[in-house]
A.B. asks: 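Got a structure here, written out as C-alpha cells. Questions coming.
Read the numbers this way: they start at 1 and go in the same order the structure lists the ligands and their atoms. Heads up: numbering here begins at 1 and tracks the sequence. Worth saying up front: this structure is predicted, and the values here are computed from it rather than measured. Just the heavy atoms: all of them, side chains too, but no hydrogens, waters or symmetry mates, feed the values below.
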Amino acid sequence: MNTASTAARPSRLGELDTIELVSRHGRATIACLGATVVDFRDSDDNEVLWLSPTSRLDGSRPVRGGIPVCWPWFGAHPSDSSLSAHGFVRHMTWQVERLSHDDNRAVAVLAISDDDATRRLWPHAFRLTLTVVLDDRLHLELTAENRSEHAWELSEALHSYFRVEDARGIRVDGLDNLTYWDKQQGGIRGTQAEALRVYPPIDRVYFDHLGEAVIHQPHRRIHIGKTGSRTTVVWNPGPDGVRGFDDIPDDAWGDMLCVETANAIDNRYSLRPGESHTLSATIHTEKTADNR
Ligand SMILES: O=P(O)(O)OC[C@H]1O[C@@H](O)[C@H](O)[C@@H](O)[C@@H]1O
C-alpha cells in the first residue's frame, strides 16, 4: 500500500506538543492543549483556519484561533461567573489515543476524562474524545460520554475561526429564516430574514440550524457541514471589540470569522448515565470566480 503521501505524526508548534496530519489533499495540525486544531491547509496549501499571530503558544492559555473545543459549557458558566468562559477542556492537555493513516486519510484521536482537576471545576465523571480525520476534507467528531450515575446538562462548540480575505460584508449562507440571540445587541432575539451579511462586530447564536453553513469569499467558499449540532454561532469582535483581546492584534479582526458548530443556550441538552452524544463538523473549500 502506498501511504507515502499520508502521515499522522507528533510535531511541535512553539512550546506546544502537536500532531501533524497529512493527506493527498492537504494538512492539518492539532495541539494537544485543548485538542485544538490550529492549522488546516487545503490542496493549494491555502490556510482555511485563522490562527492569531499573537496567540500564546506556551500552554498558559487556550489557543486563540483554529478550532478550540468549548465544553461542557458554551459562553459564561450558567451559574458561576468565576469559572472560565467556554468550559475548561480547551485549557487542558488531552491524551493522544491513536494516530493512523492509510492511502486516503490520516486520523488522530485525542481524549480527556475526569480527574481531580476537572472534578474541582465540574463535579461529574465523563470521557470526551475528539477524532480528527483528514482526507479531501477535515472532519471533527467530538463524542461526550456520561460516566456519572446521574444526568447532566451540556452546551458545547467547535469554535472554528476561519481565515477570510475581508470579514466586512462577507456573506454566510444557510442561516436564513432562523431565530437568533444577539449578544452584541444586549441579548435581543430576531429572525434572519435573508442571507447573512457580516458587518462586524457580530455575536449571534442561531438556533435549530441543522444544515450546512457556507462562507462566501471572492475566490473560494468555505463549507461547514455538521451532525449532532442544532446551533451555529457567528462571531467577529470588530474594530472596537478587538481591543479587549490581548491575543488578537488590533488590525487583525478583518482577517477572521468564527462560524461555530455548537449546541448552546436554547439547544443545550442532557446526557443520562451511560449515554453519549457526538457533535461533528466537516470542513472543505471550493474555488470560485468572484461571486460575492
Ligand atoms: O475570549 P473567548 O472566551 O475565547 O470568547 C471569544 C468569543 O467566543 C464566541 O463564541 C462568543 O460568542 C463571544 O461572545 C466571545 O467573545
A.B. asks: Starting from atom 6 (C) of ligand 1, locate the nearest protein heavy atom and write down its residue, its atom name and how far away it is, to 0.1 Å.
C.D. replies: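 Here the closest protein heavy atom is Trp235 CH2, 3.7 Å.
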A.B. asks: Considering only protein heavy atoms, which is closest to atom 2 (P) of ligand 1, and at what distance to one decimal place?
C.D. replies: Arg64 NH1, 3.7 Å
A.B. asks: Among Asp42, Asp45, Asp44, which residue satisfies the salt bridge (charged side-chain N to carboxylate O under 4.0 Å, His left out) criterion with Arg27?
C.D. replies: Asp45
A.B. asks: What protein heavy atom sits nearest atom 9 (C) of ligand 1, and how far away is it?
C.D. replies: His159 NE2, 3.4 Å
A.B. asks: In terms of residue, atom name and distance, what is the protein heavy atom nearest to atom 13 (C) of ligand 1?
C.D. replies: Asp203 OD2, 3.2 Å
A.B. asks: Have Glu156 and Asn263 got a donor and an acceptor in their side chains that come within less than 3.5 Å?
C.D. replies: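 On atom types as modelled, these side chains qualify, holding a pair under 3.5 Å.
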A.B. asks: Please check if any side-chain donor atom of Arg204 sits under 3.5 Å from a side-chain acceptor atom of Tyr206, or the reverse.
C.D. replies: yes
A.B. asks: With salt bridge (Lys or Arg N to Asp or Glu O under 4.0 Å) as the rule and sequence neighbours excluded, what pairs involving residues 120-136 come up?
C.D. replies: Glu97-Arg127
A.B. asks: Would you mind listing which atoms of ligand 1 come within a distance below 4.0 Å of any non-hydrogen atom of Lys183?
C.D. replies: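 Selected atoms, number and element: 14 (O).
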A.B. asks: With a 4.0 Å cut-off on heavy atoms, does Arg90 reach ligand 1?
C.D. replies: yes
A.B. asks: Starting from atom 5 (O) of ligand 1, what is the nearest protein heavy atom, named by residue and atom, and what distance separates them?
C.D. replies: His86 NE2, 3.4 Å
A.B. asks: For Arg204, which part has a heavy atom under 4.0 Å from ligand 1: side chain, backbone, both, or neither?
C.D. replies: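 No part of Arg204 comes within reach of ligand 1.
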A.B. asks: Using a strict 4.0 Å cut-off to heavy atoms of Phe245, name the atoms of ligand 1 that fall inside it.
C.D. replies: 1 (O), 16 (O)
A.B. asks: Centroid-to-centroid, Phe245 to Trp235, below 6.0 Å?
C.D. replies: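 Distance test on ring centres: under 6.0 Å, yes.
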A.B. asks: Under 4.0 Å from a heavy atom of Glu260: which atoms of ligand 1 are those, numbered in the order shown and with their elements?
C.D. replies: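 With Glu260 as reference, the close atoms of ligand 1 come out as 9 (C), 10 (O).
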A.B. asks: In terms of the angle between their ring planes, are His77 and Trp73 parallel, tilted or perpendicular, with boundaries placed at 30° and 60°?
C.D. replies: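 Plane angle over 60°, so perpendicular.
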A.B. asks: Might you confirm whether atom CD of Gln95 has over 12 heavy atoms from other residues, nucleotides or ligands at distances under 6.0 Å?
C.D. replies: no
